[in-house]
**Student:** 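Handing you this structure, nothing more for now.
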Amino acid sequence: MDAFPGGPVDSAQLQSTMITIEHACSSIQMHMNPAESEKLLILLRQSPMPYKSCRFILENSQVPTARFQAASAIRDAAIREWGVLTEENRRSLILFCLCYVMERANTTDAYVQSKVSAVAAQLLKRGWLDFDDAKKAAIFSEVKQAVLGIHGTGPQFAGISFLESLVSEFSPTTSTAMGLPKEFHGQCQSLLESNYLKEFYCWAQNAALSVTDKILRDSPTVSEDKVCSAALRLMFQILNWNFKQTSYDPSGGKIYSCSSGISYEASLLKKFERCLVQPGPTWRDALLSSGHIVWLLNLYAALRQKYSSDVIWVDSPLAVSARQLIVQFCSLSGAIFPSDNGEMQIKHLLQILSSVIHWIEPVDAVIEAIISGRSESELVDGCHVLLSIATLTRAFLFDNLLRSLRSYGTLHLLSIMTCEVVKADVARSSEEETWTAEALDILLETWSVILGRPDTDKNSISAEGVTSAATLFNSTVESLLHAAAESAFDDENESEHFVASISKRDERLGSYALIARAASEITIPFLTRLFADRFSLLNQNNGRSDPTHTLEELYWLLLITAHVLSDSSEGETVLIPQALEDAFPNVLEENQHPVVIISWSIIDFSRWCLDQNMRTTYFSPRLMEAVIWFFARWVDTYVMPLGAKGHSNTAFAENGQDGSQISKKILHSFAGEHNQGGVVLDVIVRICMVSLTSYPGENDLQALTCQKLLKALVRRKHVCSHLVSLDAWHDLAKVFSTERILLPVNACLQRSLAEALVCAAIGLKDPEASNQYVRDLMGPTTAYLVEVASRNDLVGVAQQADAIHMISCMLERLRGAARATQPRYQKGIFEMGHAVMNPLLTLLEAYKNQPAVVYLILKFVADLVYAQVTFLNAQETSILVTFCLQLLQIYSKHNIGKISLSLSISLQSEAQAEKYRDLRALLQLLTNIASKDLVDFSLGPEEVDIAQVIYIGLHTVSPLISLELLRYPKLSRDYFTLVSHMLEVYPEKVAQLSKEAFLQIIATLDFGIQHQDIDVVDMCLRAVNALASYHYKERVAGKGGLGAHAIVSQGSNGKLQESIVSHFLRLLLQLLLFEDFRMELAGSAADTLLALVLCEQELYQRLVQEFLERQPNPTLQTRLTRALHSLTSSNQLSSSLDRPNRNRFRKNFHVFLTDISGLRLNPWIIRDWDTSDMVAVASSWTEDEFIMMRGRADGVQKKYLGTTLCIMIACLFLIFLCFGSFFGSKGEHNNAALDYGSKFSRSLGLSNDDNGEIGKSEESIFVLDGGDDSIIPKSFPVCDDRHSELIPCLDRHLIYQRRLKLDLNLMEHYERHCPQSERRYNCLIPPPSGYKVPIKWPTSRDEVWKANIPHTHLAHEKSDQNWMVDAGEKIKFPGGGTHFHYGADKYIALLASVSLGLS
């Protein structure tokens, strides 16, 4: 390969480089000085033109990890330097990678082969738009020969693996980042789909055909088996493609339906990470006409028959790949089928179903075999097949598909499968058996798809289907009740069903409810009978026996019935389920309606809790939770439902309405306003009173009452009008306002309770009555706070525990009332807030050392401002704003200076968490005040200057902000949201700020632009854009703009201090040219750059010229000159900041980013903006924090800097001097190590170079691409304490959610499986509480600190076997076990002491 890039390198240098990399890889594996070794690997990957060194390592190294790193380095360097590589260089790199994997196809280091193959795919994609068709055809010609098996099975497998990598790379969901815009990836995807994707599929077909005969007839070799499974896997991957170029899409990308019963919606499969396969009519010959699907089904059937005695074959790669492809074919839809009203598609689905039915029948025998140890894979995949078919068909077609093969319909089969899986799931004894949960989720989702369609009604399901649904539901309920009764006395039931999360439990019960409604004529009377039987047992018991079993069954019956009778009230208006409205057309009397009967049965049962004796005997907190939860759902649906007012059964009869209308009317009216609605409300309110007063300390029960049931009661105005007229409601309000009986309720629940009680005011007849209701309700609370604040002995009394609890409760009640604000009674809430303003200021002083109370005060004020600010007139606004300013001043007086580096180092410290909460509350308060200026357009003479108020607030908040606090994502977003909003809306106020305040805000923007959170960076860019735009427009108008802040001045250290605008221009250019710029920021960055360039045109020209002069490659310099010139000259740009000009510049900017991607740029270091003045005003920000702000987060203690620096520079000098060959040839890059040593010392913040420039010396040509930041790991926040034991890529719960097909026999479920990027935590795992420095080896073999591994379950569970012993602060490992309780050595000694009598 004469065109292989890179200059001449002698063999000694190559050998030296390889030895260095091998040593670094081995050191990392052995955990010997891994940090230094990782630096060497990073240097290899970031060095210029490392291709020949990497090629030498790949071809000669015996260390697989070294070869892996060499492949990675080729990829990184080629993507980075793509613009300076010739077309032959690029092509030679791709061909080298392909030849490498073909020639070494039979090696054992599969991960290296996979990496090299992926590199070839990524480089081919990078050059996809550069290579002409002939060049691509030449590359693919070699690949095709390999895939078709011309060179043997080894290269054949390697060729298929390359195509897998290529398809994965071109797919938008699995492609790797290249720093290129979306348009590039879209073009590549489109061209591959139109020109090559089908061809790849046909190659894979032929590859599978070339080996299947031998696999079926003879004993296949491992390589042939691998080729076949890889080919099937490639076909599956191609069909998983998001096809775009279909000439006809009947669904329009949404929902498609035809009269034959074919109907599909793409979103239905997303839950299980599947999709509809819609390749278009051009694929018809390859998939349908050729008989390919029949061949696949026959292949699997033949293999299944051949290996019928091999119980583990079904989990082999070949079997799994074949089933995956079959399941994927079930989702085939769209224009690939002709317009024949779905006939061919129905035939296709029936063809697959006829083959898959053998995997799952007979169901009971299959499940029994799985329980006995057989693999569940076929059953689970069979469930997926049924789900896929259900997404493509309506209920009647789905049910009829199986009738041509069996004497029953598909719904009957689905019912039997679900019944058996439910029984197995309830009965399973080990959490390791996750297959039941997985299969049950798929089957229940299938039922939900069938029954949840808008076009599914009672006429869509056959009588057999209804019977099957009823049988399934009844069997499921009985299984659940039996399991509940069996577990009634278990303190810790380990069954997954009972420890499932609430959301998971509700999801399953919701699916059961859909099944029940499909056969409601059978299922609801069945539930009624179950209730009647349990009630009868309780009545007959009379205390003679323990009723716990019965009560546990009632608990689950209440949960199930609540789901059947009503839908969730979250997010929408709840209506009576349509299936229940249509279910009982022959019921014409209210007292005969099954829904009414079961509802009144539960109401009557719940009334028992109002009797103290009955409550003590039967109503445990757990059962009360079920009662409350039932009513929370049921109230929204049946109590005075919307649209039921003014009707009667007689009216319907007189109008000749049919039975179904009368039945529907019964459901709407039996608990309506003119019927029993008032009685029901009275009972429910009294039950609420009981749950709040008779169960002290039961937080879960009281939370359900306050946050669910009471919230549901006050959700609708017409219900509130009845509530406020009830004696029971007045009793509850009286107890709340004047008595102490509710004070033991959790303080947070006091807020929810107050919110619900205040919301009921909306039901009163006129606004004055509503306001008076609020005054009466909240008056005692405000009076208490006024009284406490006026006490002479407040300072002494305030710190008592009872006083703190009372104050906290009162503040939470105020928060709840503020949150409940409505226009009708807003005046009463403002009066409440006004009455406590001065007392709150007094309490803030008194409780300055009680963070919890301070936080509640801040949150109440933030809530009050948010609720009130839009309603207030100028005078009331002035009162509120003045109070807020006083509050801020008092808070800042007691808190400024308390946050220092000593607190900020550990984000887990209590003090840090307190300040975090307080600052979030303050920022929310300021944001809420800012909203006043957005909604109030009055211009009265008494109008308050909101902008001035906010900036005074920022003066208060800014000194409290530390860089470590800004690493909290929520706090950071709140802060930058406020700052960017103010700078965008009121940039003129910036010019009026003092130098200290201005620098404080600018410093945070400087930090934010280099933040990890893309939203934070976007907000900071918009803020800088607003500043620069304001400055430019003001200067054009002949005004001062930013004034003194925008000119070059002398800092306090005597050095020239660059203007703010110039600083941000340099910073943004650095971000664009030398750092990993994220394309999502292109719009904000373009707008900001345009404004900055217009402000500093001379500086921009100077920076560009300086940058171009530093590029040693003339070709590269020419390309950069053209790109930079087009950026500011194309599209007829003007010196305006209007929208059309910004849009033109955005287009130029996108082209510019595309042009410079892949260019190896030689950077110049931006002259740092002098931060000395900022250090002076931000006394809480230490020098180390400023280093971190500039992206150099070394965290080294000063007292160790000298020694550490000398040692590190000396080591680096020696290493790089000896092994610098991997940076290129001697002539050009021989002094790279010296330059890097200079850069490394500068990254520690120790450089004496005032200008901050490097690379000017001719001996220091080598510079790491990306500037200083590229050698420094990104800073991540620390995770919450609850993640102290998180193993990110070993999360069994995540594995279950992702439905990964793992081989349990090979223990693959214990291997690492990393989550998708959007589900990663991106934070540092904190040590457990009390963590100590680990005990060193070999002592740690026998003992460890218990605080480091706080798990002693094995010590107690296997205490007789001495696996481990809990020994105080340590856990010891005596060496015991199942057979050798005291260790093998003790057992051997025992044997030696035994004298055996031998004859």
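Model, not experiment: these values are computed from the prediction.
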**Student:** Answer yes or no: is there a donor N or O on one side and an acceptor on the other, between the side chain of T1121 and the main chain of Q1117, under 3.5 Å?
**Tutor:**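 Answer holds: yes.
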**Student:** Counting C-beta onward and ignoring hydrogens, is there a side-chain heavy-atom pair between L163 and I160 closer than 4.5 Å?
**Tutor:** no
**Student:** Would you indicate whether the side-chain heavy atoms of L166 and F200 approach each other to under 4.5 Å?
**Tutor:**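 Yes; the side chains approach each other to less than 4.5 Å.
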**Student:** For residues L85 and L93, determine if any side-chain heavy atom of one lies less than 4.5 Å from a side-chain heavy atom of the other.
**Tutor:** yes
**Student:** We want to know whether T153 and S223 form a side-chain donor-acceptor pair, criterion being a heavy-atom distance below 3.5 angstrom.
**Tutor:**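 The criterion, which ignores hydrogens and geometry beyond distance, is satisfied for S223 and T153.
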**Student:** Report the distance from atom CG of L1127 to atom NE2 of H1150, rounding to the nearest 0.5 Å.
**Tutor:**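 Answer rounded to 0.5 Å: 12.0 Å.
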**Student:** Is the shortest side-chain heavy-atom distance between I28 and T65 below 4.5 Å?
**Tutor:** no
**Student:** Does the side chain of Q189 reach to within under 4.5 Å of the side chain of P172, using non-hydrogen atoms?
**Tutor:**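 Heavy-atom side-chain distance check passes, below 4.5 Å.
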**Student:** Whether the side chain of R80 engages the backbone of R45 through a donor-acceptor N/O pair (distance < 3.5 Å, no angle test) should be reported.
**Tutor:**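 Present.
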**Student:** Any side-chain to backbone donor/acceptor pair from D109 onto Y111? Under 3.5 Å, distance only.
**Tutor:**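 Pair absent, no side-chain N/O of D109 close to backbone of Y111.
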**Student:** Look at the side chain of S194 and the backbone N and O of L191, then say whether any donor-acceptor pair between them is shorter than 3.5 Å.
**Tutor:** yes
**Student:** If every non-hydrogen atom of L123 is compared with every non-hydrogen atom of W82, which pair is closest and at what distance?
**Tutor:** O-CH2, 3.5 Å
**Student:** Which pair of heavy atoms, one from N195 and one from E199, lies closest together, and at what distance?
**Tutor:**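 Looking at all heavy atoms of both residues, the closest pair is O-OE1, 3.8 Å.
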**Student:** Please examine the side chains of V119 and F96, heavy atoms only from C-beta on, and report whether any two atoms are closer than 4.5 Å.
**Tutor:** no
**Student:** Between S190 and G186, is there a donor-acceptor pair closer than 3.5 Å when you use the side chain of the first and the backbone of the second?
**Tutor:**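 Not a single qualifying donor-acceptor pair exists.
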**Student:** Can you see which heavy atom on S321 is nearest to which on S229, and at what distance?
**Tutor:**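 Scanning both residues, the minimum pair turns out to be OG-O, 3.4 Å.
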**Student:** With under 30° as parallel and over 60° as perpendicular, where do the rings of W128 and F140 fit, or are they tilted in between?
**Tutor:**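 Rings of W128 and F140: perpendicular, over 60°.
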**Student:** Answer whether the closest heavy-atom distance between the side chains of V211 and Q156 falls below 4.5 Å.
**Tutor:** yes
**Student:** Work out which heavy atom in L44 is nearest to a heavy atom in Q69; give both atom names and the distance.
**Tutor:** CD2-O, 4.5 Å
**Student:** Hey, does the side chain of Y100 reach the backbone of Q113 with a donor-acceptor pair shorter than 3.5 angstrom?
**Tutor:**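 Pair absent, no side-chain N/O of Y100 close to backbone of Q113.
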**Student:** Decide if atom NE2 of H151 counts as having more than 12 heavy atoms of other residues, nucleotides or ligands within a radius under 6.0 Å.
**Tutor:** yes
**Student:** Side chains of S61 and E22: do they bring a donor and an acceptor to under 3.5 Å?
**Tutor:**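 Yes, E22 and S61 have a side-chain donor paired with an acceptor closer than 3.5 Å.
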**Student:** How long is the gap from CG on L1071 to CG on L1081, to the nearest 0.5 Å?
**Tutor:** 7.5 Å
**Student:** Quick check for you: to the nearest 0.5 Å, what is the distance between L1120 atom CG and L1108 atom CG?
**Tutor:** 6.0 Å
**Student:** Treating S92 as the side-chain partner and E88 as the backbone partner, does any N or O pair qualify as donor plus acceptor under 3.5 Å?
**Tutor:**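 Confirmed, S92 side chain pairs with E88 backbone.
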**Student:** Test side-chain hydrogen bond (donor to acceptor under 3.5 Å, both in side chains) on Q122 and S175 and set out the steps.
**Tutor:** CA-CA 9 Å; Q122 291 166 18; S175 61; over 6 Å; no
**Student:** Is E87 salt-bridged to R90, going by a charged N under 4.0 Å from an acidic O?
**Tutor:** no
**Student:** Got T174 and E169 here, is their nearest side-chain heavy-atom distance under 4.5 Å?
**Tutor:**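 Side-chain contact under 4.5 Å: no.
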**Student:** Quick one: CG on L1069 to CZ on F1107, what's the gap to the nearest 0.5 Å?
**Tutor:**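 L1069 atom CG to F1107 atom CZ measures 9.0 Å (nearest 0.5 Å).
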**Student:** Would you call E193-K198 a salt bridge at under 4.0 Å N-O?
**Tutor:** no
**Student:** Main chain of F56, side chain of N60: is a donor-acceptor contact present, judged purely on distance under 3.5 Å?
**Tutor:**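 Yes.
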**Student:** To the nearest 0.5 Å, what is the distance between CD1 (I238) and OH (Y201)?
**Tutor:** 8.0 Å
**Student:** Is it true that the side chains of T86 and N89 contain a donor and an acceptor less than 3.5 Å apart?
**Tutor:**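 Looking only at side-chain atoms, N89 and T86 do form a donor-acceptor pair, the distance falling under 3.5 Å.
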**Student:** If only atom types and distance count, is the side chain of Q145 paired as donor or acceptor with the main-chain N or O of I150 below 3.5 Å?
**Tutor:** no
**Student:** Taking the six-membered ring of F131 as reference, does the NZ or CZ atom of K136 fall below 6.0 Å from its centre and within a 45° cone about the axis?
**Tutor:**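 That pair does not qualify as a cation-pi contact.
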**Student:** What distance separates S16 OG from I21 CD1, expressed to the nearest 0.5 Å?
**Tutor:** 10.0 Å
**Student:** Can you see which heavy atom on M102 is nearest to which on P155, and at what distance?
**Tutor:**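 Closest approach of M102 to P155: SD-O, 3.6 Å.
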**Student:** Under 3.5 Å, is there a donor-acceptor pair between the E81 and Y51 side chains?
**Tutor:** yes
**Student:** Please report the shortest heavy-atom distance between E59 and R104, naming the atom on each side.
**Tutor:**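 Taking E59 first and R104 second, the nearest heavy atoms are CA-NH2, 3.8 Å.
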**Student:** With distance as the sole criterion, is a donor-acceptor pair present between the side chains of S117 and S161 under 3.5 Å?
**Tutor:** no
**Student:** Are the side chain of S210 and the backbone of A207 linked by a donor-acceptor contact shorter than 3.5 Å?
**Tutor:** yes
